[in-house]
Every structure is written in structure tokens, then in C-alpha cells.
Amino acid sequence: MTMHYIAVIGAGTMGSGIAQVCASAEHLLLLIDINQQALDKGLGTIRRHLDRQVAKGVLSQDQASVTLQRIRTSTRYADLDAVDLVIEAATENLALKRSILQQIDAHVRPDCLIASNTSSLSITELAAGISHPERFMGIHFFNPVPVMGLVELIPGLLTSEATAASARALVERLGKTAIFTGNRPGFMVNRILMPMINEAIFVLQENGDAQAIDTSMRLGCNQPIGPLALADLIGLDTVLAILDTLQSGFGDPKYRAAPLLRELVAAGLLGKKTGRGFHAYR
């Protein structure tokens with residue numbers, strides 16, 4: 001199926017990034033959120049990213065302007081009636097995602113594909129709440145979306161081969177690399193990554209030096225960013241949600257979240273997006 005007109009639900013960090021890469025690849029893009037303030041913030045993020053690309057010479061000013069012109073915004077799910085694909089990019093919360101998917105399902109065409117950008121939740125479970133679950137699958141982008149080259153594709157139990165093929169074709173059109181992974185908690189990347197981040201937090205509880213931990217992994221393991229700084233970039237609330245999903249899904253205590261992580265989330269110190277997490281940001 002050709003997906004010319006794409007909608008993204010959620011104008012936050014992930015949603016605005018997905019919207020940008022889709023519009024940059026010449027797709028018409030509808031960005032939906034609960035109010036105009038959230039939409040304006042998302043558009044502002046996209047403009048800043050495009051301006052940086054222009055400043056670096058990656059894009060011309062005309063290309064950046066045309067990309068923005070392909071994006072329209074709305075607070076109405078009824079505007080989904082003409083789209084070919086909807087990507088849900090809300091916070092990693094099962095009840096919230098289910099509610100959003102039901103609203104999407106009520107307004108799209110029967111042949112419209114529906115996807116979730118979930119980083120850990122069951123695709124089969126999410127699909128159970130919509131009609132035609134064969135048209136639903138996970139399309140998991142990584143943050144920051146315009147920079148990261150990987151996209152995980154996660155079929156659910158009832159996802160059709162045609163849906164999976166269409167998703168793969170879209171990812172390739174966006175200039176990303178697609179990998180298929182099984183519908184297991186955390187899928188592939190986060191199942192490997194989150195225990196490492198969590199262990200770094202346990203080490204932090206013992207020696208209290210976040211900078212030393214990140215430096216050790218950057219210089220000792222040649223990682224481009226330390227695990228604590230990466231957690232701040234992802235969002236500590238998201239990290240905690242994924243770890244809880246892993247522990248619940250596998251029933252294995254090795255995925256238990258470090259107490260310090262829970263304490264920071266409870267305090268509202270969620271990382272870069274709030275100005276403070278394991279590190280402080282301007």
C-alpha cells in the first residue's frame with residue numbers, strides 16, 4: 001500500500017521527530033495533539049531542527065520551508081478520515097495508548113494502517129482494542145528520530161504480511177534501516193539496553209559519580225554517550241516504564257528498576273526534557 005498521507009498522534013519529542021522525517025521524505029503529514037499549545041511546541045521543535053540542518057548545510061532554506069509546508073496540525077481525530085497511515089506516539093502508558101488507538105480506529109478508513117511507536121508494550125495486546133487488527137503493528141523509532149538510523153518493526157500475532165511489507169517500505173523510504181523483531185517486552189534494542197542503564201544507576205547509588213560512570217563507558221567501551229546521559233536523553237519516566245514492562249512481562253527480578261530511578265521520576269526530575277536528571281542541563 002502506498003502511504004502518501006501520514007498522521008502522527010502526539011507532538012512531543014518522538015512525535016515531532018517522526019513528523020519531521022516523514023515530511024522531509026515528501027509525505028503529507030497531519031500532526032494531532034490535545035491542544036494547540038502542544039502542537040505549537042512540536043512545530044517549534046521541528047523548526048529548530050530544520051534550522052540547524054540549514055546552518056550545517058545539510059538542507060537548503062527552500063527544502064526546510066517545503067518540509068514545514070507539508071505539515072498541518074489539528075486537535076480533531078475526525079481529520080483522520082483521509083490518511084493512509086496513523087502512527088501513535090504518545091507516552092509509554094498502556095491505558096493511554098489503548099484510548100488513543102480506539103479514537104483512531106473510530107475515524108480512519110477500514111484500509112488505513114495503524115502503528116504504535118511503543119518502545120516496550122505488547123503489539124498484540126494493543127491491537128486487541130481495534131477493528132481489523134491485521135492492519136496494526138509496531139513501528140519503533142529511536143530518539144532523536146531525524147538522526148537515528150534504526151527502526152524496529154514489530155508484527156503482532158494477527159498482523160498481516162501486507163501490513164509488515166508496507167511498514168518496511170515506508171521505513172526504507174524515510175532512509176532508515178528496518179529490523180523485524182518478535183513481540184516480546186522491550187523488543188530487541190531496549191531489552192538489551194535498559195538492563196545496562198539500570199545497572200549504571202545501581203553503580204551510581206554506590207559511588208555517586210555520574211560523570212565518572214558515563215566517562216568510563218564512553219572511553220572504556222567506545223560508546224558515543226554514557227548510559228546515564230542516554231537515560232536523561234530518553235527520559236527517566238520512559239526508562240522506568242520500560243523496565244517495569246520488562247519485569248512484568250518476563251517475571252524476572254533482574255529487570256527491577258533501581259530505587260534511585262524511581263525516586264528521580266517521583267521528584268519530576270526526568271532528564272534533559274525537565275532540565276535535570278542524572279546530569280543538569282540549561
Side-chain angles (χ1 to χ4, degrees), residues 1-54 59 61-93 96-109 112-119 126 130 135-148 151 166-167 170-171 173-176 234-235 238 272-273:
M1 163 175 194
T2 301
M3 290 176 282
H4 182 62
Y5 190 13
I6 298 173
V8 175
I9 310 298
T13 300
M14 295 303 297
S16 61
I18 296 168
Q20 179 183 330
V21 298
C22 290
S24 296
E26 301 183 358
H27 292 276
L28 295 179
L29 195 290
L30 175 64
L31 186 60
I32 292 181
D33 212 315
I34 56 174
N35 56 50
Q36 193 59 47
Q37 182 180 6
L39 291 167
D40 289 343
K41 184 177 180 180
L43 283 176
T45 299
I46 294 171
R47 287 193 186 94
R48 288 194 299 275
H49 289 168
L50 291 173
D51 286 345
R52 280 201 291 269
Q53 289 182 310
V54 171
L59 286 180
Q61 186 61 61
D62 286 346
Q63 287 174 317
S65 298
V66 170
T67 296
L68 283 171
Q69 289 170 12
R70 295 191 187 107
I71 302 173
R72 58 178 290 237
T73 62
S74 175
T75 58
R76 292 166 20 96
Y77 282 83
D79 290 338
L80 295 172
D81 59 345
V83 303
D84 304 311
L85 165 69
V86 184
I87 302 174
E88 170 274 313
T91 303
E92 196 72 355
N93 178 284
L96 174 62
K97 287 183 181 291
R98 278 176 165 172
S99 174
I100 291 172
L101 289 171
Q102 288 173 356
Q103 293 181 74
I104 293 170
D105 188 52
H107 291 95
V108 296
R109 306 189 317 258
C112 175
L113 301 188
I114 305 174
S116 174
N117 184 56
T118 178
S119 53
L126 289 172
I130 66 171
R135 62 174 169 170
F136 180 81
M137 69 179 297
I139 302 181
H140 178 216
F141 294 83
F142 292 84
N143 184 35
V145 180
V147 176
M148 301 298 284
V151 178
S166 294
L170 170 67
V171 170
R173 180 175 172 81
L174 299 180
K176 307 290 187 184
I234 294 169
T238 300
K272 199 166 185 179
K273 62 187 174 184

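Residue indices begin at 1 and follow the sequence shown. As the structure is a computational prediction, the values presented were derived from the model and not from experiment.
Nearest approach of R135 to R109, heavy atoms of both residues: NH1-O, 2.7 Å. Pairing each heavy atom of I32 with each of L39, the nearest pair is C-CD2, 3.9 Å. Taking every heavy atom of both residues into account, L30 and L80 meet most closely at CD2-CD2, 4.1 Å. Nearest heavy atoms, S116 versus F136: CB-CZ, 3.8 Å. When every heavy atom of K176 is checked against every heavy atom of M148, the shortest pair comes out as NZ-O, 2.8 Å. Of all heavy-atom pairs between S119 and H140, the closest is CB-NE2, 3.3 Å.
Qualifying ring pair (Phe, Tyr, Trp, His ring centres under 6.0 Å) partners for Y77, counting only residues two or more places apart in sequence or in other chains: none. For K272, there are no salt bridge (charged side-chain N to carboxylate O under 4.0 Å, His left out) partners at least two apart in sequence or on another chain.
Annotation: the span from H4 atom NE2 to C22 atom SG amounts to 12.0 Å, rounded to 0.5 Å. Considering CD1 of I6 and CG of L174, their distance stands at 6.5 Å, rounded to 0.5 Å. Distance OG1/T45 to CG/D40: 11.0 Å, rounded to 0.5 Å. Remark: I9 CD1 to L101 CG distance equals 9.5 Å, nearest 0.5 Å. Atom CG in L126 sits 11.5 Å away from atom CD1 in I114 (nearest 0.5 Å). Atom OG1 of T67 is separated from atom CD1 of I71 by 7.0 Å, given to the nearest 0.5 angstrom.
The shortest side-chain heavy-atom distance between R72 and D79 falls under the 4.5 Å cut-off. Considering only heavy atoms from C-beta on, Q36 comes within 4.5 Å of T73 through its side chain.
A donor-acceptor pair is defined here as one N or O able to donate and one able to accept, closer than 3.5 Å; no such pair exists between the side chain of E88 and the backbone of K97. D81 contributes no side-chain N or O that, together with a main-chain N or O of H107, makes up a donor-acceptor pair within less than 3.5 Å. With K41 contributing its side chain and A11 its backbone, the two residues share no donor-acceptor pair below 3.5 Å. In this structure, T91 contributes its side chain and N93 its backbone to no donor-acceptor pair below 3.5 Å.
A side chain to side chain contact (heavy atoms under 4.5 Å, CB included) with L85 is found for exactly one of V8, V108, L170, namely L170.
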Query raised in the report: Is there a side-chain contact (heavy atoms from CB on, under 4.5 Å) between I130 and I104 once you walk through the steps?
Result: CA-CA 9 Å; I130 66 171; I104 293 170; over 6 Å; no
Requested in this report: Run the numbers on H27 and R70 for side-chain contact (heavy atoms from CB on, under 4.5 Å), then give the verdict.
Outcome: CA-CA 7 Å; H27 292 276; R70 295 191 187 107; over 6 Å; no
**Report entry** Verdict with reasoning, I139 to V151, per side-chain contact (heavy atoms from CB on, under 4.5 Å)
**Finding:** CA-CA 7 Å; I139 302 181; V151 178; 3.7 Å; yes
Requested in this report: Tell me, with the steps shown, if M3 and R173 meet side-chain contact (heavy atoms from CB on, under 4.5 Å).
Outcome: CA-CA 10 Å; M3 290 176 282; R173 180 175 172 81; over 6 Å; no
Throw together a table of side-chain donor-acceptor distances under 3.5 angstrom for residues 13-20, partners on residues two or more places apart or in other chains.
| residue | atom | partner | partner atom | Å |
| --- | --- | --- | --- | --- |
| S16 | OG | G12 | O | 2.7 |
| S16 | OG | T13 | O | 3.2 |
| Q20 | OE1 | H49 | ND1 | 3.4 |

